[in-house]
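These numbers come from the heavy atoms of this one structure, side chains and all, not from hydrogens, waters or symmetry mates.
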Amino acid sequence: MQPSEKINAYTQIVCNQIRWKKAKPPIAQEIENHLWEQRDAYIAQGYTELAATDKAILQMGNAEEIGLRLDGTHRPKSQWALLILTGFLMLLGVFTNYFFCFYTDTLNAFEFFPYVIAFAIFLACYFMDFSLLGKYALLIYFGVLLFSTAGILGNVTVNGRLYWSVGFFSVSASYLALVFPFVYALFVYTLRKKGLWGIFLCEMGYLPFALLLVMLPSLSGLVLYTSAALAILCFSIYKGLFRINKAYGFLAVLIPFFTVFFIFAALIMPYASTRISVFLNPNQDPYGSGYQFFLLRNAFLNATLLKSESAGNLFVIPSGISSNYSLAFLIQKTGLIILWTVIAFVLIFAALGLYKTLKQKSALGMLTALA
């Protein structure tokens, strides 16, 4: 590679970490000017042009780390479309749960404060120094692992599920499945240049959180986390982050994955096949294992676009039907319009988020956004 090509490649890596487009040209120009000047200084000391270029780049430092620091200094403009969509979806959650509690005479169980806390944490994370995630990636991974393990081992079980309780506030530990993909993405980021050995360590890093979800137990959480981890790892290989032959990388991931998948599927097949069978035909056991499916299916089948013809208060039954089914309750009360509205907003949010993710040049930005 020619000296000019080396300098251009180095500058490109730095600029790939910077999210603010308008800041990239002047930063690139400044870095290139500095490298050229330093190269000329080394040539004056007697180095060859190629050796002088290598020495100037080495003195400049790691391109990704410099880019991340510059990204923190030159913050991009806020993504107001995604912020507004997130705020709307959170307000929709508030409204839905309030509506559910109002019609089921359980308003005393409705709390607005947790939503305020959630949105405040979201904004704090959004406006924080993004480069800190890469700097403390391993610390975040092991910190969340330690905190989650302590929480799971030290809390109560309700109806077969673990709950965290702090004062008047309690939350199902199964929601950890929404945090684990993000933490795993940071773990992959730290090992992205380690080749096949890095992929092997990433596979090992997947296991602790998977075991925690098995302990809860949360089968849906395990499926969600596993799918996200597989996507993050395969996408990293596709983008060349591990710096190995992509075919070897995919084989190193997919062979162990499908081996474990088929073993696990064989172990839970009797349980899973029963649940799938009841889900497809809840009428075979409408007052047993198919009870909730039976109620949900009736609510959907009897609903029209603007109203529902469901008889009685289908969900006002002290049978364990909780606010997890508040959206189905709204469909019963207001019709399918609420379902299509929620689906539309979720799809817009997902499409916009995926579009932004695929445009990312920064490895850290790409992996965390994908998670």
Going by heavy atoms in the side chains, are [X] and [Y] under 4.5 Å from each other?
{"X": "I199", "Y": "Y248", "answer": "no"}
{"X": "I232", "Y": "C202", "answer": "no"}
{"X": "W197", "Y": "L191", "answer": "no"}

Just checking [X]: does its [atom1] atom have more than 12 heavy atoms from other residues, nucleotides or ligands closer to it than 6.0 angstrom?
{"X": "Y98", "atom1": "OH", "result": "no"}
{"X": "F257", "atom1": "CZ", "result": "yes"}
{"X": "Y115", "atom1": "OH", "result": "yes"}

Check for me whether the distance between the ring centres of [X] and [Y] falls short of 6.0 Å.
{"X": "F88", "Y": "F345", "value": "yes"}
{"X": "F209", "Y": "Y141", "value": "yes"}
{"X": "F122", "Y": "F119", "value": "yes"}

Are [Y] and [X] linked, directly or through intermediate hydrophobic residues, by side-chain heavy-atom contacts shorter than 4.5 Å (ILVMFWY only)?
{"X": "L186", "Y": "Y136", "result": "yes"}
{"X": "M204", "Y": "F242", "result": "yes"}
{"X": "V116", "Y": "F95", "result": "yes"}
{"X": "I255", "Y": "F200", "result": "no"}
{"X": "V214", "Y": "V183", "result": "yes"}

Let me confirm one number: the [atom1]-[atom2] distance from [X] to [Y], rounded to the nearest 0.5 Å.
{"X": "L207", "Y": "L212", "atom1": "CG", "atom2": "CG", "value": "11.0 Å"}
{"X": "L347", "Y": "L352", "atom1": "CG", "atom2": "CG", "value": "12.5 Å"}
{"X": "K239", "Y": "L358", "atom1": "NZ", "atom2": "CG", "value": "7.0 Å"}
{"X": "L201", "Y": "L196", "atom1": "CG", "atom2": "CG", "value": "11.0 Å"}
{"X": "L213", "Y": "T226", "atom1": "CG", "atom2": "OG1", "value": "7.5 Å"}
{"X": "L132", "Y": "L139", "atom1": "CG", "atom2": "CG", "value": "11.0 Å"}

Y225 and Y206 aromatic ring geometry - parallel, tilted or perpendicular at 30°/60° bounds: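 If you compare the ring of Y206 with that of Y225, the planes turn out parallel.
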From L364, I140, L138, residue fulfilling side chain to side chain contact (heavy atoms under 4.5 Å, CB included) relative to T190: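 That would be L138.
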From V253, L254, L251, residue fulfilling side chain to side chain contact (heavy atoms under 4.5 Å, CB included) relative to I237: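 Among the candidates, only V253 passes.
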Taking all atoms of both residues into account, what is the closest heavy-atom pair of [X] and [Y], and its distance?
{"X": "V223", "Y": "S227", "result": "O-OG, 2.7 Å"}
{"X": "G240", "Y": "K246", "result": "N-CE, 4.4 Å"}
{"X": "S148", "Y": "F180", "result": "OG-CE2, 3.6 Å"}
{"X": "L224", "Y": "A177", "result": "CD2-O, 3.4 Å"}

Test side chain to side chain donor-acceptor pair (under 3.5 Å) applied to S236 and Y189, step by step: CA-CA 9 Å; S236 300; Y189 172 77; over 6 Å; no
Stepwise side chain to side chain contact (heavy atoms under 4.5 Å, CB included) check, V188 with L367: CA-CA 8 Å; V188 172; L367 290 178; 4.2 Å; yes
Y47 and T53 side chains, donor-acceptor separation under 3.5 Å: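 No.
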